[in-house]
2 protein chains.
Amino acid sequence: MPNLEHLTKILRDRGYRITAQREIILGAIASSDDHMSAEEIYAKVQARTSTIDIATIYRTLEMLVEEGLACKTNLGTGEFMYATFQHGSHIHLICRKCGAVIDADHSALAKLEDSLLADYGFRPDLQHISLFGLCAKHAQKG
Amino acid sequence: MPNLEHLTKILRDRGYRITAQREIILGAIASSDDHMSAEEIYAKVQARTSTIDIATIYRTLEMLVEEGLACKTNLGTGEFMYATFQHGSHIHLICRKCGAVIDADHSALAKLEDSLLADYGFRPDLQHISLFGLCAKHAQKG
DNA sequence: ATGGTTATTGCAAATATTCGCAATTGTATG
DNA sequence: CATACAATTGCGAATATTTGCAATAACCAT
């Protein structure tokens with residue numbers, strides 16, 4: 001479960017500079033118990049210091065995603081949601097009719113992960129993925 | 001394989017009005033052999049008539065996605081890609097390190113589809129999904 | 001401690017997408 | 001055919017995200 005110190009160590013090891021801005025942003029993310037939008041992270045950071053720019057938030061999130069330390073997920077709300085591994089693994093099922101979001105158990109992805117690695121050498125990030133479709137209610141109607 | 005007439009019939013049956021704008025937009029999508037971004041669809045439509053607004057393109061795409069007639073996919077390029085069922089089913093595997101996009105066979109999703117339906121009553125749209133992770137090259141390095 | 005290098009940042013602008021609203025128009029009804 | 005209703009549209013503005021650039025600063029070597 002990555003905490004702030006763990007995250008900064010990994011990033012330093014990979015050649016990134018640990019700036020004050022990044023420590024604050026990583027602190028905001030690490031202290032959250034749910035995934036957040038960029039705007040929510042920005043608001044949390046602004047509560048601490050108003051000098052950090054929203055562009056820096058986006059750049060830091062992009063860095064975390066590229067390093068596999070966070071996931072960027074589209075839940076159909078018009079903004080992306082970000083989660084680290086401390087937020088646990090699960091699938092977001094989003095109904096394209098009513099917008100309901102159902103959290104599904106991660107185990108359904110085990111076979112998929114195995115076959116993508118075996119067939120393509122591809123190691124998917126499946127800790128937080130979102131799948132669109134029809135919920136039980138709307139699946140019955142269609 | 002939905003063509004223009006097929007698409008308009010489905011939409012009319014579901015209570016949508018078939019406007020001239022929609023026919024042109026659907027025509028642009030139906031005559032494409034690959035998924036396109038909203039900007040690409042807009043450019044194709046502009047080649048035919050310059051009166052259709054980009055907001056109308058987005059509204060039409062949202063309608064198609066909500067009705068399950070198109071999929072909205074994030075390939076990490078900074079814009080969403082849209083595909084209909086005529087574009088065939090496959091998985092887009094996007095490397096978060098180098099951005100490479102690998103098309104994987106759809107069969108890996110069969111079990112997932114079955115278990116989501118059985119366990120949650122959720123019918124996922126899996127014709128075009130994108131999964132981020134590490135390609136064979138970068139998976140070896142990590 | 002100092003200087004150099006280059007990664008990083010704030011800011012403004014640009015891009016992709018969505019929203020509010022008044023005007024337009026497709027469809028249904030008489 | 002005419003009318004009414006409400007869905008749809010164009011337009012401008014707003015929002016979410018990304019980009020370019022000059023200034024700043026983290027890190028390393030001396």
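The sequence lines fix the lettering, A, B, ..., with proteins before strands; numbering per chain opens at 1.
- In terms of polar N and O atoms assigned as donor or acceptor, the side chain of R22(B) never comes within less than 3.5 Å of the base of dG26(C) in a complementary pairing.
- Summarising the geometry, the separation between CZ on F80(A) and C1' on dT18(D) is reported as 12 Å, rounded to the nearest angstrom.
- Across the interface with DNA chain C, nearest-nucleotide mapping of T56(A) and G78(A) shows T56(A) to be the residue nearer the 5′ end.
- Axis deviation across the helix from dA1(C)-dT30(D) to dG30(C)-dC1(D) amounts to 30°, comparing end segments of five pairs, rounded to 10 degrees.
- The nearest whole Å value for the distance from the CD atom in E39(B) to the C1' atom in dT15(C) is 9 Å.
- In the interface, the side chain of R12(B) is not paired with the base of dG26(C) through any donor and acceptor atom under 3.5 Å apart.
- The CD atom of E62(A) sits 7 Å away from the P atom of dT18(D) (whole-angstrom rounding).
- As rounded to whole Å, 10 Å separates atom P of dG10(D) from atom CD of Q46(B).
- Separating the CE atom of M63(B) from the C1' atom of dA7(D) is a distance of 12 Å, rounded to the nearest angstrom.
- Mapping R17(B) and Y82(B) onto DNA chain C by nearest heavy atom places Y82(B) closer to the 5' end of the strand.
- Between I52(A) atom CD1 and dT9(C) atom C1' the separation is 10 Å, expressed in whole Å.
- As a whole-Å value, the separation of Y16(B) OH from dT25(C) P is 22 Å.
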